[in-house]
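The structure appears right after this line, and notes come after that.
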Number of protein chains: 2
Amino acid sequence: MKDSSTEQTILNAAITIFEKKGMAGARMQEIADEAKINKAMLHYYFRNKQQLFEAVLMSAFQKLAPQMNIIFALEIDLYEKIRRFSSSYIDFILENPYLPSFIIHELNHNPDFVTKIMSHPNKPDPKPLLRQIEAEIEAGKIKRKSPKQLVLNLLSLTIFPFVGETLLKLVLDIPDSEYKKILQERKTLIAEQFISSISV
Amino acid sequence: MKDSSTEQTILNAAITIFEKKGMAGARMQEIADEAKINKAMLHYYFRNKQQLFEAVLMSAFQKLAPQMNIIFALEIDLYEKIRRFSSSYIDFILENPYLPSFIIHELNHNPDFVTKIMSHPNKPDPKPLLRQIEAEIEAGKIKRKSPKQLVLNLLSLTIFPFVGETLLKLVLDIPDSEYKKILQERKTLIAEQFISSISV
DNA sequence: AAATGGTTTAACCAAATGGTTAACAAATGT
DNA sequence: ACATTTGTTAACCATTTGGTTAAACCATTT
C-alpha cells in the first residue's frame with residue numbers, strides 16, 4: 001500500500017519551497033527533491049503547479065487565520081486581549097518566519113485568490129473586536145478613535161517588523177543578534193505602547 | 001547616433017515590470033515589449049537579467065532613501081518631524097505604490113544584495129534621529145523608551161498598511177474605496193497616536 | 001563617398017521547465 | 001489465485017526563456 005502520507009509529504013515540501021521562493025521562483029523539480037519523490041507525483045496528486053500552489057496558499061492561510069481570531073473572537077477584556085495577541089502572535093511568527101511575507105506577497109500578486117478566501121469557512125471576522133472597541137469608547141474607557149484604524153495600528157506594529165526585517169535591519173543598522181532581542185522585547189512593548197495611546 | 005535615452009527607456013520599463021512581478025516573475029520579453037524595443041537591447045545595455053534587475057533595485061532604493069532621510073537627518077523639532085514624515089511618506093507611497101513591497105520582498109530574497117547597499121553612498125543614516133530621541137528623553141520631554149523601538153513603531157505604522165494592503169482589506173473587511181480614505185486619514189492620525197504614546 | 005563605430009534588429013540556440021506517457025509495482029477486492 | 005485499481009518511476013515532449021550572433025542601420029569622420 002502507498003505511504004498514506006505521500007500527499008502530505010508533497011504538500012509539506014511545497015510549503016517549504018513556495019514560502020521561501022514564492023510561486024514564480026519555485027521549481028516543480030525543487031519541490032520534488034525536497035519531498036524526495038518523483039516529479040510526476042506532484043502532478044498525480046495536484047494536477048499542476050497552480051493547483052499545488054493554491055493548496056499551499058490555502059494551508060498557509062489556515063495556519064494564520066486562527067492566530068487572527070485570537071484578537072477577533074475571544075471574549076476577554078480589551079487590554080488583556082491586546083497583550084495576549086501581540087505576545088502570542090510574535091511567538092507564532094517566530095516559529096513560522098516566512099508565513100506573513102509569503103501570504104502578503106502572494107495575495108498582492110493574485111488578487112483573484114482573494115475572492116476564493118473571502119468565502120473561506122475559517123475566515124477571520126473582525127466585527128466582534130470592532131464592536132468591543134466601540135463599546136469601550138462609548139463607556140468612556142478609551143479615547144474616541146476609529147476602531148479600524150486601531151486594529152490597523154496593532155497589526156502593523158506586530159507584523160511589519162517581520163515582513164520588513166531585512167530592510168529595517170539595513171536602514172536602522174541593527175545586527176541580527178540585536179534584532180532578535182528587539183523582537184522579543186516587542187512581545188510586551190507593543191501592548192504597552194498601544195494601550196498608553198488609547199487609554200483616557 | 002543612438003537615441004541617448006534608450007538606456008533610460010529600458011530602465012523605466014524594467015522598473016515597471018520588476019516592481020509589479022518581481023525578479024522571478026518578470027520576463028525579459030515582457031520588459032522589451034513594455035519598452036517597445038528589441039529584446040537584444042536589454043542585453044546590449046545591461047548584459048543580463050541579473051544586472052538589469054540590480055540596476056532596478058538600486059534605482060528603487062535611491063528613490064526610497066531620501067524619503068527615509070527626512071526623518072533621519074532633518075534638524076527640526078521631534079514632534080514636527082514625526083508629523084511631516086508620516087504625512088509626506090504616505091503621499092510618496094501613494095505615488096509609488098509598488099515600491100515598498102518590491103524592495104522588501106527582493107531584499108528578503110537577495111540577502112547578498114544587502115551587502116551591496118550597505119556601502120551605498122545615499123544609505124540612510126539613522127544615528128542623528130536616534131540621538132535626537134535620546135536627547136529628548138534625557139531632557140525629560142518624552143517617555144523613556146528604546147529609540148530603535150520607537151523608530152520601528154513609526155515605520156511600521158506608516159509602511160505596513162501599504163505592504164499588507166490586500167491582506168488587511170481582506171481580513172478587516174474593508175472595501176477599496178474606504179481603504180483609500182483610511183490611508184489619507186493616517187497622514188495625521190499616525191503622528192497623533194505616536195506622539196500621544198511617547199509624550200510625558 | 002568610403003570607412004568607422006556605436007546602435008538596432010531578426011533569427012537563432014541551448015538550457016530550463018511544466019507537464020505527459022507508458023510501463024511497472026503494490027494493494028485491494030473477488 | 002487473479003483481476004482491478006491505485007501508486008510510482010523513468011523517459012520523454014513541447015514550450016518558454018535567457019541569452020547570442022551576424023547582419024543591417026545610421027550618424028559622424030576622413
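By convention in this document, chain letters (A, B, ...) are assigned in the order of the sequence lines, proteins followed by strands, and residues within each chain are numbered from 1. Just so you know, these numbers use all the heavy atoms, side chains as well, and skip hydrogens, waters and symmetry mates.
- One interatomic measurement links the two molecules: CG of B:Leu42 to P of D:dG18, which rounds to 10 Å at whole-angstrom precision.
- Annotation: proximity of residues 17-37 of chain B to DNA chain D (heavy atom, distance under 4.0 Å) is found for B:Ala26, B:Arg27, B:Met28, numbered in ascending order.
- Hydrophobic clustering of Ile, Leu, Val, Met, Phe, Trp and Tyr side chains at less than 4.5 Å, counting indirect connections, keeps B:Tyr98 apart from B:Ile104.
- For DNA chain D, the stems formed by at least three consecutive Watson-Crick or G-U pairs, with both atom-pair distances below 3.5 Å, span C:1-30 with D:1-30.
- In this structure, A:Thr6 reaches the D:dT8 phosphate: one of its side-chain N or O atoms is under 4.0 Å from OP1 or OP2.
- The closest side-chain donor-acceptor pair between A:Gln62 and A:Asn122, if any, does not fall under 3.5 angstrom.
- Residues in residues 42-71 of chain A take part in these salt bridge (charged side-chain N to carboxylate O under 4.0 Å, His left out) pairs, two or more places apart or across chains: A:Glu54-A:Lys116.
- By the rule that hydrophobic residues join a cluster once side-chain heavy atoms approach within less than 4.5 Å of another member, B:Leu94 and B:Ile103 end up as members of one cluster.
- Rounded to whole Å, atom P of D:dT6 lies 14 Å from atom CE of A:Met41.
- When the nucleotides D:dT21, C:dT20, C:dG18 are ranked by their closest atom to the side chain of B:Ala40, D:dT21 comes out on top.
- Spacing between atom CD of A:Glu7 and atom C1' of D:dT6 amounts to 13 Å, rounded to whole angstrom units.
- Partners of A:Phe53 under the ring pair (Phe, Tyr, Trp, His ring centres under 6.0 Å) rule, at least two apart in sequence or in another chain, are A:Phe18.
- In this model, a side-chain donor or acceptor of A:Lys39 finds a partner on the base of C:dG19 within 3.5 Å.
- In this structure, A:Asn38 atom CG and C:dG18 atom P are separated by 15 Å, rounded to whole Å.
- Between A:Tyr44 and D:dT9 there is no side-chain N or O to OP1 or OP2 distance below 4.0 Å.
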Derivation of the side-chain hydrogen bond (donor to acceptor under 3.5 Å, both in side chains) call for B:Gln149 and B:Asn153: CA-CA 6 Å; B:Gln149 293 279 12; B:Asn153 289 346; 5.8 Å; no
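- Evaluation of the ring pair (Phe, Tyr, Trp, His ring centres under 6.0 Å) rule for B:Phe102 yields no partner, not counting sequence neighbours.
- The side chain to side chain donor-acceptor pair (under 3.5 Å) analysis of residues 73-83 of chain A, with sequence neighbours excluded, yields the pairs A:Lys81-A:Gln132.
- Counting only N and O atoms by type, the side chains of A:Gln29 and A:Asp33 include a donor and acceptor under 3.5 Å apart.
- Atom pair B:His43:NE2 and C:dC13:P shows a separation of 17 Å (rounding to whole Å applied).
- Rounded to an integer number of Å, the gap from A:Ile10 CD1 to D:dT8 C1' is 10 Å.
- The CG atom of A:Leu52 sits 12 Å away from the C1' atom of C:dG18 (whole-angstrom rounding).
- Atom CG in A:Asn48 sits roughly 17 Å away from atom P in C:dT17 (whole-Å rounding).
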